[in-house]
Amino acid sequence: MFKRLVAVSLMIVMLLPVAPNINIEAAINKASYQSYKQAGVEARNKVYAHNSRVVAKIKSKSADPQSLFNKFEKVVYAETSNPNQGDFMRWDVDETATDYSAVKSGSYYYYTFILNIEYLSTVKQRNTLDKKVNSIIKDFKFTNKTSTYDKIKKVYDYICDNVSYAKNVSSDNTKYYSAYQALIGKKAVCQGYATLLYKFYKTLGISNRVIAGDSTFSKISHGWNIVKLGNYYYNVDSTWDSTLTHAKKDYEYFLKGDAFKGHARWKEYNSYSFYYKYPMAAKGYSKKTVAKACKKTKIANFKNKKPKFVSIPRKQAKFKKIKNATYQIKYSTVNTFKKKYTVVKNTKKTKYKFKSLKKGLVYYVKFRARKKIGNKKYYSKWSAVKAI
């Protein structure tokens with residue numbers, strides 16, 4: 001069971017227009033407003049300290065408060081090297097109610113977001129959890145020669161052996177959702193398992209993420225982890241393997257490839273941008289075979305590739321070759337590439353000869369690669385724009 005706390009909506013909308021007779025300089029202190037990134041870092045420290053009320057003042061040209069808040073929130077819960085931030089902090093939040101107000105001055109909006117936050121655990125409990133995790137890791141007696149695989153499996157085994165699944169728990173009974181309850185109380189739902197595993201791995205310097213999704217078996221929300229081993233990430237589900245461990249059955253959900261039986265990711269974790277940042281292995285981990293990227297990672301890598309020109313004199317453009325790709329080139333007399341002034345051509349070669357360029361005019365050129373992966377064609381990013 002996993003609490004759906006990924007998207008936090010703005011509860012009260014108070015977008016205040018500026019009347020002609022109101023002195024905006026007197027109404028707000030502009031110097032106290034920041035970019036969403038600066039405000040996000042400041043708010044991260046406050047959430048880390050378990051402040052129940054967090055105020056963020058943001059200056060932006062965006063007229064869309066929800067979109068701006070989503071960007072701000074991503075900074076708050078961004079991955080860091082601290083095991084108590086990132087996904088651990090995000091999923092240790094029980095509920096967030098957010099109000100906002102805004103005024104406009106010139107081309108800028110001045111937003112004030114107020115977050116009222118409830119947490120699953122206390123700072124004292126987090127400190128207790130830290131000491132316990134560090135003590136257990138010390139008892140593992142890892143050395144410089146201990147492989148990443150052995151570290152991953154040792155921690156996984158410990159959690160599967162020592163934590164039991166809390167059955168028939170309602171979403172109101174929040175204590176079983178925390179990593180603290182999983183390790184200290186030895187009983188939790190999947191959210192507690194996943195955040196505890198995240199904390200262990202992060203403490204050991206092993207990259208991993210908590211993945212929120214649904215069980216395709218039971219159609220209820222569920223959470224698990226991906227962990228990096230070598231060049232790729234693999235799925236691990238300590239919750240489900242814990243029940244198998246206690247039933248004295250073999251593991252079925254440890255270091256599996258992208259096709260993860262019984263698991264369906266939520267949209268946030270299923271995007272090409274996520275697969276680009278966290279490349280998944282096609283198949284489960286094996287010491288005997290070389291890991292390969294899954295199909296979605298291959299597509300993500302190609303879509304994020306930015307091709308380059310080799311040279312671009314007046315008459316002919318030459319491209320840096322991309323394996324198994326064809327190319328699409330655009331050239332125009334306007335750098336916005338408006339359709340009326342733009343020529344679009346496709347070529348299989350790594351060079352293209354321009355035709356009918358008018359003397360005395362500057363032309364702007366860019367190109368992208370095109371490749372068939374599976375049964376669909378995908379495009380890379382556009383190259384940098386060159387002028388000839």
Side-chain angles (χ1 to χ4, degrees), residues 4-49 51-80 85-87 89-91 93 95-118 209 212 265-278 300 303-304 306 334-339 366 368 379 381-382 384-385:
R4 288 183 176 266
L5 295 175
V6 175
V8 181
S9 298
L10 305 181
M11 303 296 288
I12 300 176
V13 178
M14 298 165 56
L15 188 59
L16 307 178
V18 181
N21 61 341
I22 292 179
N23 184 349
I24 186 64
E25 301 292 344
I28 60 172
N29 177 13
K30 289 185 178 181
S32 66
Y33 289 78
Q34 305 171 299
S35 70
Y36 76 86
K37 290 183 179 179
Q38 291 171 321
V41 172
E42 191 173 285
R44 181 194 302 158
N45 294 331
K46 292 177 180 179
V47 176
Y48 178 73
N51 288 10
S52 59
R53 187 175 186 269
V54 176
V55 178
K57 293 186 175 184
I58 302 174
K59 174 184 176 182
S60 174
K61 288 187 176 181
S62 173
D64 183 352
Q66 185 67 65
S67 176
L68 180 64
F69 181 80
N70 291 345
K71 290 180 180 178
F72 156 78
E73 192 183 37
K74 283 184 178 179
V75 177
V76 176
Y77 297 112
E79 290 297 295
T80 72
Q85 294 181 350
D87 284 345
M89 189 167 76
R90 179 182 192 177
W91 294 108
V93 169
E95 292 183 0
T96 301
T98 306
D99 302 342
Y100 89 95
S101 62
V103 292
K104 187 179 182 183
S105 176
S107 60
Y108 285 96
Y109 291 88
Y110 292 83
Y111 291 95
T112 299
F113 294 98
I114 301 175
L115 291 71
N116 297 293
I117 306 174
E118 295 181 11
R209 291 296 307 270
R265 298 183 182 200
W266 289 353
K267 185 177 179 180
E268 176 185 351
Y269 306 96
N270 203 31
S271 66
Y272 287 121
S273 60
F274 191 87
Y275 271 76
Y276 178 69
K277 193 171 184 179
Y278 301 98
K303 285 170 70 70
N304 279 276
K306 191 165 185 175
V334 292
N335 59 8
T336 55
F337 294 90
K338 288 184 178 179
K339 189 174 182 181
K366 64 181 181 179
R368 61 182 178 177
Y379 290 91
K381 290 184 176 181
W382 287 102
V385 177

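Values in this document were obtained by computation on a predicted structure and should not be read as measured data. All heavy atoms count here, side chains included; hydrogens, waters and symmetry mates do not.
Note that CD of Glu42 is 4.5 Å distant from CD of Gln34, once rounded to the nearest 0.5 Å. Atom CG of Asn304 sits about 14.5 Å away from atom OH of Tyr275, to the nearest 0.5 Å. Remark: Glu95 CD to Ile117 CD1 distance equals 11.5 Å, nearest 0.5 Å. Summarising the geometry, atom NZ belonging to Lys74 is positioned 9.0 Å from atom CZ belonging to Arg90; distances are rounded to the nearest 0.5 Å. Atoms NZ and OH, from Lys303 and Tyr379 in turn, are 11.0 Å apart once rounded to the nearest 0.5 Å. In this structure, the separation between CG on Asn116 and CG on Asp99 is 6.5 Å, given to the nearest 0.5 Å.
For the pair Tyr109 and Ser62, the tightest heavy-atom approach, listed with the atom from each and the gap, is CD1-O, 3.3 Å. Contact detail for Ala212 and Trp91: the closest heavy-atom pair is CB-CZ2, 4.0 Å. Smallest separation of non-hydrogen atoms from Thr96 and Val93: OG1-CG1, 3.3 Å. For Lys306 against Ala384, the heavy-atom pair with the smallest separation is CE-N, 3.8 Å. Nearest heavy-atom pair, Val76 versus Arg44, reported as atom, atom and distance to 0.1 Å: O-CG, 3.3 Å.
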query = So Tyr36 and Ser60, side chain to side chain contact (heavy atoms under 4.5 Å, CB included) or not? Walk me through it.
reply = CA-CA 8 Å; Tyr36 76 86; Ser60 174; over 6 Å; no
task = Could you check Tyr100 against Ile58 for side chain to side chain contact (heavy atoms under 4.5 Å, CB included), going step by step and ending with a plain yes or no?
result = CA-CA 11 Å; Tyr100 89 95; Ile58 302 174; over 6 Å; no
inquiry  = Pair Tyr77, Met89 - check side chain to side chain contact (heavy atoms under 4.5 Å, CB included), show working.
reply    = CA-CA 7 Å; Tyr77 297 112; Met89 189 167 76; 4.1 Å; yes
query = Does the side chain to side chain contact (heavy atoms under 4.5 Å, CB included) test come out yes or no for Thr112 and Tyr33, once each step is laid out?
reply = CA-CA 9 Å; Thr112 299; Tyr33 289 78; 3.3 Å; yes
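Applying the 6.0 Å contact sphere to NZ of Lys46 captures more than 12 heavy atoms from other residues, nucleotides or ligands.
Cation-pi geometry between Lys61 and Tyr108 is satisfied (NZ or CZ under 6.0 Å from the ring centre, within 45° of the ring normal).
Taking a cutoff of 4.0 Å between a charged side-chain nitrogen and a carboxylate oxygen, Glu268 and Arg209 do not qualify as a salt bridge.
Ring pair Phe113/Phe72 is parallel by interplanar angle, where below 30° counts as parallel and above 60° as perpendicular.
With hydrogens and angles disregarded, a donor-acceptor distance shorter than 3.5 Å links the side chain of Glu79 to the backbone of Asp87.
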